[in-house]
Amino acid sequence: MTPRPPRAHEATVLIADDQADVRAALRLLLKSEGIASIAAEGAQAALDAARGRELACALIDLNYTRDTTSGAEGLGLLARLREQAPELPIVVMTAWSSVPLVVEAMRRGASDFIEKPWDNTRLLAVLRAQIALGEAARRQRRLEAENALLRGDAMPGFVAESPAMRKLLDMLARIAPSDANVLVLGENGTGKGVIAQQLHARSTRAERAFIKVNMGGIAESVFESEMFGHVRGAYTDARSERIGRFELADGGTLFLDEVGNIPPAQQAKLLRVLEDGEFERLGSSRTQHADVRLIAATNADLAAAVAAGRFRKDLLYRLNTVELHLPPLRERREDIVPMARSFLAASAQRHQRTDMRLAMDAERALLAYAWPGNVRELRHVMERAALLCPAGVVDAAALALGTAAAAGAAVEHMTLEQGEAWLVRRALERHADNLQAAADALGITRQALYRRMEKHGLRDADDATGSE
């Protein structure tokens with residue numbers, strides 16, 4: 001994506017008043033202070049104007065032509081606005097100010113009040129304060145959403161001593177500081193996610209968000225909501241607003257894993273934001289901008305998918321400004337034993353085993369094995385050894401390479417959590433990481449399989465190029 005200079009958030013204030021001269025005076029005052037506004041004559045017009053817009057604040061009259069003294073119509077509007085946009089700061093104003101009415105308005109969710117005729121200095125000070133508070137609340141929601149997506153604070157080092165990996169890391173070091181989009185290619189289990197993290201960590205965006213999204217795990221029906229967000233009421237179950245992945249990654253890096261699994265109907269929607277950085281939240285007409293460095297990964301042959309009409313050629317061009325080819329484990333044999341030792345130590349600590357080490361015949365067996373499942377399979381083998389090996393020294397027999405017989409015999413000694421994790425791993429191994437086939441074999445949906453993979457750390461297993 002072509003980088004965009006950051007744009008200031010345009011604070012828009014909703015003005016609701018039944019008097020045209022009041023609306024005009026308020027809009028002129030706000031305009032002179034550089035604050036955008038929209039005006040509505042009555043309660044229903046105000047609700048219609050607020051629907052589908054991101055507002056910084058609302059300034060509403062409590063008395064309208066139907067009832068000019070009680071404030072009932074304004075209090076009703078306040079309640080409906082609060083229901084429609086729970087976090088919108090609302091300032092009420094009335095020419096018939098009384099302590100009970102102001103107290104009732106504040107009780108129902110008003111943030112502050114203004115008495116007519118207003119003092120310009122006070123009105124502007126109140127609005128600026130409420131706009132600032134609303135912006136702070138939006139930033140807090142964004143941080144909470146980032147945490148919910150498990151951004152991760154620290155990235156461990158990884159083993160890369162083989163010539164094939166040294167060559168890849170040299171290229172990574174050259175392209176990481178740029179904002180070029182990168183497509184990481186490699187077989188299942190090779191560690192494409194760790195390469196994406198390395199690109200982010202070595203870039204000028206390292207202090208900003210690194211947002212990961214597995215494209216194969218997003219149902220087509222919620223694609224727009226997940227990627228671009230939605231406003232409250234955008235669809236039946238949209239009870240609150242949602243911040244999408246592109247908005248979360250603004251100023252940082254967005255990692256699209258399994259990008260070859262994007263349904264054709266959604267590829268055009270993704271292409272637009274990659275071309276100009278613009279998108280709208282679902283249910284909103286307000287165009288937003290995101291400055292995102294995009295990294296994508298796949299084990300699929302995208303050129304073949306383009307030829308077959310399953311993947312857009314123009315989308316592929318946007319994704320692969322630079323391509324990185326991650327070698328399979330069989331082509332980086334110098335890394336196998338160091339990674340195995342690292343995985344064994346981590347698994348032993350997790351399962352509260354001490355002083356576990358590899359025997360010489362185990363190291364020879366590791367080097368002789370073909371590793372069709374790559375780094376992911378190596379990690380699983382070492383965890384199985386740490387879990388099942390009766391002694392502190394792991395020999396070749398304890399590795400049980402190429403068979404799950406040793407693990408299968410020990411299922412009865414596993415906890416329910418360990419057994420579920422083992423069954424999911426076995427299904428993935430049996431079906432060569434074909435997720436739909438593995439889900440069918442387990443009798444669950446593809447999305448349910450993703451949830452279990454995430455629960456047991458198996459989605460991150462593909463990100464484990466090896467830790468020290």
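These values consider heavy atoms only, across backbone and side chains, with no hydrogens, waters or symmetry-generated copies. None of the values given here were measured: they were computed from a predicted structure.
- The aromatic rings of F210 and H200 sit tilted, their planes meeting at an angle between 30° and 60°.
- Around the CZ atom of R80, the shell of radius 6.0 Å holds no more than 12 heavy atoms that belong to other residues, nucleotides or ligands.
- Heavy-atom neighbours of Q349 CD from other residues, nucleotides or ligands within 6.0 Å: at or below the threshold of 12.
- Separating the CD1 atom in I90 from the SG atom in C57 is a distance of 8.5 Å, to the nearest 0.5 Å.
- The two atoms that bring R82 and L88 nearest to each other are NH1-O, 2.9 Å, heavy atoms only.
- Side-chain atoms of D276 come within 3.5 Å of backbone N or O of E278 as a donor-acceptor pair.
- At least one donor-acceptor pair under 3.5 Å links the side chain of Q267 to the backbone N or O of R310.
- A salt bridge links R272 with E280: the distance from a Lys NZ or Arg NE/NH1/NH2 to an Asp or Glu carboxylate oxygen falls below 4.0 Å.
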side-chain contact (heavy atoms from CB on, under 4.5 Å) evaluation trace for F113 with V91: CA-CA 5 Å; F113 73 96; V91 177; 5.6 Å; no

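- At least one donor-acceptor pair closer than 3.5 Å links the side chain of S178 to the backbone N or O of I175.
- Side-chain atoms of Q84 come within 3.5 Å of backbone atoms of L47 as a donor-acceptor pair (strictly under, hydrogens ignored).
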From CA spacing to verdict: salt bridge (Lys or Arg N to Asp or Glu O under 4.0 Å), D291, R205: CA-CA 11 Å; D291 171 21; R205 299 168 179 261; 2.9 Å; yes

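- Between the R452 side chain and the E420 main chain, no donor and acceptor come within less than 3.5 Å of each other.
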side-chain contact (heavy atoms from CB on, under 4.5 Å) assessment of L199 paired with F255: CA-CA 10 Å; L199 284 165; F255 174 43; over 6 Å; no

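- Interatomic distance, OH of Y369 versus CG of L378, reported as 10.5 Å (0.5 Å rounding).
- In this structure, T321 and V182 have side chains that are not in contact, with every pair of non-hydrogen atoms separated by 4.5 Å or more.
- Just one of Q266, M227, E258, E224 meets the side-chain contact (heavy atoms from CB on, under 4.5 Å) condition when paired with I218; it is M227.
- With contacts defined as side-chain heavy-atom distances shorter than 4.5 Å, the pair H289/V273 does not qualify.
- Minimum heavy-atom separation, A49 to L14: CB-CD1, 4.0 Å.
- Formation of a donor-acceptor pair under 3.5 Å by the R23 side chain with backbone atoms of D17 is found in this model.
- Annotation: the span from N188 atom CG to N299 atom CG amounts to 4.0 Å, rounded to 0.5 Å.
- The closest side-chain heavy-atom distance from L168 to I195 is below 4.5 Å.
- No salt bridge links R332 with E161; every basic N to acidic carboxylate O contact stays at or beyond 4.0 Å.
- Panel note: side chain N181, backbone R318; a donor-acceptor pair is recorded below 3.5 Å.
- A 4.5 Å side-chain heavy-atom check between L81 and I60 finds at least one atom pair inside the cut-off.
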CA sep, side-chain torsions, deciding dist, call: L30, L124, side-chain contact (heavy atoms from CB on, under 4.5 Å): CA-CA 8 Å; L30 296 185; L124 290 170; 3.9 Å; yes

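- Considering only heavy atoms from C-beta on, F223 comes within 4.5 Å of M215 through its side chain.
- Residues I295 and L183 fail the side-chain proximity criterion, which asks for heavy atoms closer than 4.5 Å.
- No hydrogens or angles considered: nothing links the side chains of R451 and Q447 as a donor-acceptor pair under 3.5 Å.
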Step-by-step salt bridge (Lys or Arg N to Asp or Glu O under 4.0 Å) determination, E226 to R245: CA-CA 6 Å; E226 288 286 336; R245 308 300 176 92; 2.8 Å; yes

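- Classification of E383 and R350 as a salt-bridged pair holds, one side-chain N sitting under 4.0 Å from a carboxylate O.
- The pair D335-R166 fails the salt-bridge criterion, with no side-chain N (NZ, NE, NH1 or NH2) lying under 4.0 Å from an Asp/Glu carboxylate O.
- Under the 4.5 Å side-chain criterion, counting only non-hydrogen atoms from C-beta, V92 is not in contact with I114.
- Between the side chain of R293 and the main chain of A180, a donor-acceptor pair closer than 3.5 Å is present.
- The aromatic rings of F246 and F279 sit tilted, their planes meeting at an angle between 30° and 60°.
- A salt bridge links E187 with R330: at least one charged nitrogen is closer than 4.0 Å to a carboxylate oxygen.
- Taking every heavy atom of both residues into account, D250 and R208 meet most closely at O-NH2, 3.4 Å.
- Between I15 and R27, the closest side-chain pair of non-hydrogen atoms falls below 4.5 Å.
- For the residue pair A105 and L78, the shortest heavy atom distance occurs at O-CD2, 3.3 Å.
- Proximity of a side-chain donor or acceptor of K212 to a complementary backbone N or O of L256 within less than 3.5 Å is not detected.
- Within the 3.5 Å criterion, the main-chain N or O of V222 finds no donor-acceptor partner in the side chain of S225.
- For the side-chain contact (heavy atoms from CB on, under 4.5 Å) test with L319, the passing option among V259, D314, L271 is V259; the others fail.
- In the displayed structure, K167 atom NZ is contacted under 6.0 Å by at most 12 heavy atoms of other residues, nucleotides or ligands.
- Here the CG-CG distance, from N214 to D257, works out to 5.0 Å after rounding to the nearest 0.5 Å.
- Contact detail for L248 and A209: the closest heavy-atom pair is O-CB, 3.6 Å.
- Heavy atoms from other residues, nucleotides or ligands lying under 6.0 Å from CD of E323 number more than 12.
- Annotation: the span from D112 atom CG to M106 atom CE amounts to 5.5 Å, rounded to 0.5 Å.
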side-chain contact (heavy atoms from CB on, under 4.5 Å) between T190 and L329, worked out: CA-CA 7 Å; T190 48; L329 191 54; over 6 Å; no

Pair D48-R51, salt bridge (Lys or Arg N to Asp or Glu O under 4.0 Å): steps then yes or no: CA-CA 5 Å; D48 292 341; R51 189 172 295 111; 3.1 Å; yes

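- Residues L435 and L449 approach most closely at O-CD2, 3.3 Å, considering heavy atoms.
- One finds the CD atom of E247 at 4.0 Å from the CZ atom of R281 (value rounded to the nearest 0.5 Å).
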